[in-house]
Amino acid sequence: MACRVLGWAVPPPPRLTRRFLFIFTLSLSCTYLCYSLLFCCDSLMQSRGLGEHRCLLIRNVGGKKLLQKSPYCSLEGPSPSAASPGAPALSSAPAPAPRLASTNHSGTPKLGTKRLPQAIIVGVKKGGTRAVLEFIRVHPDVRAVGTEPHFFDRNYDRGLDWYRSLMPRTLESQITMEKTPSYFVTKEAPRRIFNMSRDTKLIVVVRNPVTRAISDYTQTLSKKPDIPTFEGLSFRNRSLGLVDMSWNAIRIGMYVVHLESWLQYFPLAQIHFVSGERLITDPAGEMGRVQDFLGIKRVITDKHFYFNKTKGFPCLKKTESSILPRCLGKSKGRTHVQIDPEVIDQLRDFYRPYNIKFYETVGQDFRWE
Ligand SMILES: Nc1ncnc2c1ncn2[C@@H]1O[C@H](COP(=O)(O)OS(=O)(=O)O)[C@@H](OP(=O)(O)O)[C@H]1O
């Protein structure tokens, strides 16, 4: 049989066959023994090195391919913070963290720590805040909450622990961010954010206040088709040119008025203004300045964007979670309702002094005239 296996044409003498069979069986047994020993050692090494293997994974998930061991790998944090709800802490130091690389139900490691945001996009509504958030979160050093937490306006009573629990886990090198555009016009927001951390970096996306108001109105109209006309809502007395400053859509655009409240708590250098117009015409340029302001490397460049002709806006070639191109949703970049050009002129006149004062205060001309 061995002859057949080995393909010999002429069978060898029987004594030789026996000897060969003996040697063949012996070598097979040795091979099996060596293999078993090697496999066993390998398994042992793997199980010892698992922690380290995870550490390397941690670094990759953070988006940075760092090969040195992370100090996180061997750390286990104490129990969660016992701060009472509704009593915001005075600093943004990370909460006494749960395990840094604990596992979830599926056994996947949960990486990093939930931290309070170090940078917040505080406004303005319809300025282009979603675009800035979606663009900046492509950066490996930034992690952000997708939804608007509305902590400093609607949910403040829930306390900082609740707020922190909404945040994504981050590595120490990463910046946590959120965006809630209504903060900019919330009187208490500057003080509350200051109380959380006086070092919080603030980003305000501003846009021509007339266009912003129309955008705002277009959005409301899409939800409540029965509201009065834009022209009707804009004025207390149209023939006298009395603009209704109590209407939110108008009030939000009086940027300098709201900015005063922020400047009582934060120096101007801690507030970065993004031009909503340039964000559309030159997203890479605007995002370059945002990255500089955040003190992170200029990773997001023009290579990340393409102009989508159908959408009529710049879109991302890939996102934080996908390698596929993505534009913002349907509610971003909507066709605005047609407004009487005379009303637009009246509103432009109304906003002019506010705009000029705003340019002077921030030291930038946004060219809205
Ligand atoms: N890249 C890109 N794609 C789509 N839309 C873009 C983009 N960049 C800026 N914008 C402008 O963002 C406007 C919506 O602003 P916000 O995201 O701040 O709106 S919201 O306050 O969160 O509802 C939205 O306003 P409308 O055009 O009125 O819909 C857009 O003009």
Side-chain angles (χ1 to χ4, degrees), residues 119-139 144-154 177-186 189 202-224 227 230 234 247-255 258 272-290 300-320 322 324-339 344 347 366 368:
I120 306 177
I121 301 170
V122 294
V124 301
K125 186 181 176 196
K126 303 320 286 176
T129 55
R130 174 56 61 188
V132 173
L133 191 80
E134 293 309 316
F135 296 166
I136 198 64
R137 69 195 301 195
V138 172
H139 199 295
V145 205
T147 51
E148 296 175 7
H150 281 278
F151 176 63
F152 296 105
D153 54 349
R154 298 180 201 156
M177 286 186 72
E178 71 118 318
K179 79 116 179 163
T180 305
S182 49
Y183 291 161
F184 191 64
V185 294
T186 301
L202 308 168
I203 295 174
V204 190
V205 192
V206 287
R207 178 184 188 182
N208 183 329
V210 182
T211 329
R212 198 220 65 80
I214 299 169
S215 170
D216 204 339
Y217 175 79
T218 306
Q219 171 162 289
T220 314
L221 192 69
S222 71
K223 293 176 190 161
K224 298 178 196 160
I227 56 168
F230 180 85
S234 295
W247 186 34
N248 252 348
I250 295 291
R251 196 176 66 91
I252 293 172
M254 297 155 69
Y255 302 140
H258 310 292
H272 179 72
F273 296 91
V274 174
S275 156
E277 285 80 17
R278 282 198 305 259
L279 185 65
I280 296 167
T281 56
D282 178 21
E286 275 311 300
M287 293 314 293
R289 283 181 280 276
V290 171
I300 301 159
T301 62
D302 48 6
K303 290 192 188 78
H304 284 80
F305 301 99
Y306 74 98
F307 186 80
N308 185 307
K309 281 188 194 151
T310 320
K311 175 95 181 155
F313 282 88
C315 299
L316 281 169
K317 283 184 187 164
K318 59 177 184 164
T319 61
E320 179 205 6
S322 162
L324 298 173
R326 223 192 89 190
C327 296
L328 297 190
K330 278 187 194 143
S331 65
K332 311 291 173 187
R334 269 191 280 235
T335 308
H336 292 175
V337 284
Q338 285 286 315
I339 305 296
I344 291 182
L347 289 181
F366 289 90
W368 290 323

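When a ligand or atom number is given, it counts from 1 through the structure's own listing order.
Scanning both residues, N308 and K311, for their nearest heavy atoms gives OD1-N, 3.0 Å. Of all the heavy atoms in G253 and R212, the pair that sits closest is N-NE, 4.1 Å.
The heavy atom nearest to atom 26 (P) of ligand 1, out of those in G276, P283, G333, G312, is found in G333. The residue among H336, R212, K126 with a heavy atom at the shortest distance from atom 28 (O) of ligand 1 is H336.
Those atoms of ligand 1 that come under 4.0 Å of a heavy atom in E148, given as number and element, are 22 (O). Atoms of ligand 1 lying under 4.0 Å from at least one heavy atom of S215, given by number and element, are 25 (O), 26 (P), 28 (O). Every atom of ligand 1 is numbered from 1 in the order shown, and the set under 4.0 Å from a heavy atom of P314 is 1 (N), 2 (C). Of all atoms in ligand 1, listed by their number and element, those nearer than 4.0 Å to a heavy atom of K332 are 4 (C), 5 (N), 14 (C), 16 (P), 17 (O), 19 (O), 20 (S), 22 (O), 23 (O), 29 (O). Which parts of ligand 1 touch S331 is read off a 4.0 Å heavy-atom cut-off, strictly below it: atoms 29 (O).
Residue-to-ligand polar distances keep F135 apart from ligand 1: every N/O pair is separated by 3.5 Å or more. Ligand 1 has no nitrogen or oxygen under 3.5 angstrom from a nitrogen or oxygen of P181. Between K311 and ligand 1, no N or O atom pair is found at a separation short of 3.5 Å. Considering backbone and side-chain atoms together, G128 places an N or O closer than 3.5 Å to an N or O of ligand 1. Annotation: K125 places no N or O atom under 3.5 Å from an N or O atom of ligand 1; distance criterion only.
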Exercise for review: Decide side chain to side chain contact (heavy atoms under 4.5 Å, CB included) for E148 and R154; before the verdict, give the C-alpha distance in whole Å, the side-chain angles of both, and the deciding distance to 0.1 Å.
Suggested key: CA-CA 11 Å; E148 296 175 7; R154 298 180 201 156; over 6 Å; no

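Taking 4.0 Å as the cut-off between side-chain N and carboxylate O, E277 and R207 do not count as a salt-bridged pair.
Separating the CZ atom in F184 from the CD1 atom in I121 is a distance of 14.0 Å, to the nearest 0.5 Å.
Within 6.0 Å of the NZ atom in K317, the count of heavy atoms belonging to other residues, nucleotides or ligands exceeds 12.
Residue C327 places every heavy atom at 4.0 Å or more from ligand 1.
Of the possible donor and acceptor atoms, none in the side chain of Y217 sits under 3.5 Å from a partner among the backbone N and O of H336. In this structure a side-chain-to-backbone donor-acceptor pair under 3.5 Å is missing from R289 to V274. At least one donor-acceptor pair under 3.5 Å links the side chain of T220 to the backbone N or O of D216.
Residue, atom and distance of the protein heavy atom nearest to atom 7 (C) of ligand 1 are F313 CD2, 3.6 Å.
No part of C315 comes within 4.0 Å of ligand 1, judged by heavy-atom distances. No part of F305 comes within 4.0 Å of ligand 1, judged by heavy-atom distances. When heavy-atom distances to ligand 1 are checked against a 4.0 Å cut-off, I280 comes that close only through its side chain, counted from C-beta outward.
Partner of H258 under the side chain to side chain contact (heavy atoms under 4.5 Å, CB included) criterion, out of T186, V185, V204: V185 alone.
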